[in-house]
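A short worksheet on the structure shown next.
Note that the structure is a prediction, hence the values are computed from the model and not measured.
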Amino acid sequence: FLPSVNVVYSPVTKINLRAAFSNTAIRPELKDLTPLETYDLQSFSNVKGNPGLKSTAITNYDFKMEFFPSAGEIFSIGVFHKQLINPIEYSQSTAERFSIRKPLNTGNAYVQGIEGEVRKKLDFVGFAPWLKNVSLFGNATLLKSQVAAKKFNDSEGLFAFFDAHTLTGQAKYITNAGVSVAAFKN
């Protein structure tokens, strides 16, 4: 069951307040479920699938405030929190005889952050009328994640315990920016 609720409230014409709740899922890839052992040329290690993997269940909470100064422009700031049950991470064994990577459902986790977005038209630059069709945009997100410590009962004895850690591959921040040119009119 994956419900989703989104609410938008506009206290004044140019401002929106958004709140959202949803449940989502991440299903394991087929290669992660197959108990076949292969050699991965990217990580230079043996990789073995895990037929016991469970899907990751995610509960999402989002809140955002948007300000629209004029058509095609936005300034927004938002916060979010995601609760992950059974996240899937690749783990390296600690066995001395050989090294193997295996996908595991590690401890429950959360990801939370704050994000901002700006899109501004350059039509206010009077000495360059050709800029009226040009907009600058950008966004940035600051993130924090934590995976709870977990003890494993691995049948092969390769994975025993994981300390609390940041979600594998999680960046601390994400940014992007660009220029948009409206070359065609509707």
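- Within the 4.5 Å cutoff, side-chain heavy atoms of V111 are placed close to those of F80.
- Interatomic distance, CZ of F67 versus CG of N16, reported as 11.5 Å (0.5 Å rounding).
- Residues S45 and D40 bring no donor and acceptor atom of their side chains to less than 3.5 Å of each other.
- Atom CG of L30 is surrounded by 12 or fewer heavy atoms from other residues, nucleotides or ligands within 6.0 Å.
- Put simply, the residue from E117, R18, E115, M65 that forms a side chain to side chain contact (heavy atoms under 4.5 Å, CB included) with S76 is E117.
- To the nearest 0.5 angstrom, T141 atom OG1 is 8.5 Å from N176 atom CG.
- Put simply, the side chain of L53 reaches to within 4.5 Å of the side chain of N105, judged on heavy atoms.
- In this structure, the separation between OH on Y110 and NZ on K144 is 3.5 Å, given to the nearest 0.5 Å.
- The one candidate from L84, N60, T56, T59 that meets the side chain to side chain contact (heavy atoms under 4.5 Å, CB included) condition with T24 is N60.
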- Determine, step by step, whether H165 and V147 satisfy the side chain to side chain contact (heavy atoms under 4.5 Å, CB included) criterion, reporting the C-alpha distance in whole Å, the side-chain angles of both residues, the deciding distance to 0.1 Å, and the verdict. CA-CA 5 Å; H165 61 280; V147 179; 3.6 Å; yes

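- Ring geometry for H81 against Y61 counts as tilted: the plane angle lies between 30° and 60°, on a 0 to 90° scale.
- Using modelled atom types and a 3.5 Å distance limit, the side chains of Q170 and S145 yield no donor-acceptor pair.
- In this structure, CG on L36 lies 9.5 Å from NZ on K48, to the nearest 0.5 angstrom.
- Annotation: side chain of S55 is in contact with side chain of R27 (closest heavy-atom distance under 4.5 Å).
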